[in-house]
Number of protein chains: 2
Amino acid sequence: MSPMKLPSKVKLVDVGPRDGLQNEKQPVPAEVKIELVHRLQDAGLTEIEVTSFVSPKWVPQMADNAQVMAGIRRQGGVRYSVLTPNMKGFEAAVESRPDEVVVFGAASEAFSQRNINCSIQESIERFAPVVEAARAKNIYVRGAISTAVGCPYEGEVAPERVELVARLMKQIGVQHIGVADTIGVGTPRKVQAAMEAALRHYALDDVSGHFHDTYGQALANTLACLEMGIWQFDTSVAGLGGCPYAKGATGNVATEDVVYLLHGMGVDTGIDLDKLIDAGKYISDFLGRKPNSRAATAILTKRNNEACAVPS
Amino acid sequence: MSPMKLPSKVKLVDVGPRDGLQNEKQPVPAEVKIELVHRLQDAGLTEIEVTSFVSPKWVPQMADNAQVMAGIRRQGGVRYSVLTPNMKGFEAAVESRPDEVVVFGAASEAFSQRNINCSIQESIERFAPVVEAARAKNIYVRGAISTAVGCPYEGEVAPERVELVARLMKQIGVQHIGVADTIGVGTPRKVQAAMEAALRHYALDDVSGHFHDTYGQALANTLACLEMGIWQFDTSVAGLGGCPYAKGATGNVATEDVVYLLHGMGVDTGIDLDKLIDAGKYISDFLGRKPNSRAATAILTKRNNEACAVPS
């Protein structure tokens, strides 16, 4: 058998500060978020989803968006992205000079209705001016397609739905799309089918994967994408971010687990796993829990045992 | 892209009652073990690693081996296997009429020395009469190759070491070998290399994978094996079994997570996932903890939420 064909380099976007912390009930002060971003960039992350410019009524955890953006010591070669669901959010975001804005659409009609209170078509119409304004200002635009393989209301989502949203996003000028298994129900073949649907409208370099580990499938899904040549993924340090549809269950795949997978296969990420684990421990300690990452747990336990073995 | 080529059917061997419970400190009564075996076969498992015939001085948890084997209501089409590390164990095991006996060898010399107190070569010599006696009695012999990709003492283990142990096992008449990532450090390419080494001496139908989820890599490794055509895996219900080298870290991959992966890809296992989750909950409740399985956690949470949503 010839060895597995995989990309030689992978870029990870850490969405922990935004997608992760957004789901946290306890308030996280801006300085903690800023420190987390600093630790992530020190660990070698080259893109960080920092915050969201949405109404604080909807997402109080992100009310400090401008403060967080202003507090970051920006580093060359690192891209700072923010969520901008509408023109009002975009206008506020611009002041913060993001390198990239993210717009969200669902592949499931029911999810779109219940999550953002409009149809898929309407959500695209709402994003269109944001995309236009961003591109006029030379800000890169990423589109996220949520519930790309499964929906808490509709169940399985057909690849044709992803194909449709990808086409609509392409039409309004979105430059990159992320295919997201929001509730973590996907398995490799379904994820590959969703990816192929997206690839009908976007080049391989303009598509990324976003997996949740709710059912433990995120790394298998990542591997399935790598085998297709996909080389960009969203991940969340310490597995920050619960799954709103299954309390107690895991949310975003942990950056640590994905880095362990990639480095173990000789795939370069530019990330220092030890520093990344420290960043995850920093925010987990603040939140008063353990990192939701198996690799981090194993490595922290090993460190601990070694520390205990040192004669005092 | 053509769809992923995978086997259409997979056989899982649940090693929870033996490999899993062996690592438990609290005593588990024989009747609980028997009930667990019954629940596993009711869920559709066709092979169960029931117990170990080792000295109770070394593994007190398995001292009730004969009692457990005698208490099982055997079901047609189900294979009951037991560990027999030496002739003494084998002779005791024979009384219990196992369908299969399992012998263990390490791919790492240091692990062999420290775990079973002899060299790899010596361990093979010790197993040879067990294999001969078993085959004379028409009992199927499986050989497990532990530390096949990594060792807690030696670090990375070269595929050549696996090739050597596979060759030695073949020479003494072992019929099937399991390639085991005992400490869960493997990633897909390394696991594929270890598997290829084993396949130099054994046919595809006579090789299985045994993965630990310590670093979260077990499902990705399973997928990598499936892509090679390997269709037999050891798994452990509820993820029973810690990792003795990293306390607090996960051990055997949960059967539930693997079944979710396989069914999600349309691969048949003959297993009823809901019944399997009940079996895992049964033993986890007894042990006073939650199942160490992300799929089980997500599905149990969902069941719970649905139960709460029913008007009272």
**Q** Looking only at atom types and distance, does a side-chain atom of Asp206(A) sit under 3.5 Å from a main-chain N or O of Tyr202(A), one as donor and one as acceptor?
**A** no
**Q** Yes or no on side-chain hydrogen bond (donor to acceptor under 3.5 Å, both in side chains) for His176(A) and Ser208(A), after CA distance, side-chain angles and deciding distance?
**A** CA-CA 8 Å; His176(A) 175 111; Ser208(A) 56; 2.8 Å; yes
**Q** Between His201(B) and Ala166(B), what is the shortest heavy-atom contact and its length?
**A** CD2-CB, 4.1 Å
**Q** Considering only heavy atoms and a distance below 4.5 Å, find which of Leu261(A), Leu199(A), Leu262(A) pairs most often with chain B.
**A** Leu261(A)
**Q** Cut-off 3.5 Å, side chains only: do Thr235(A) and Thr255(A) have a donor facing an acceptor?
**A** yes
**Q** At a heavy-atom separation under 4.5 Å, does Leu300(B) approach chain A through its side chain, its backbone, both, or neither?
**A** neither
**Q** Taking every heavy-atom pair that is under 4.5 Å apart, which of Val185(B), Thr222(B), Asn221(B) has the most such pairs with chain A?
**A** Val185(B)
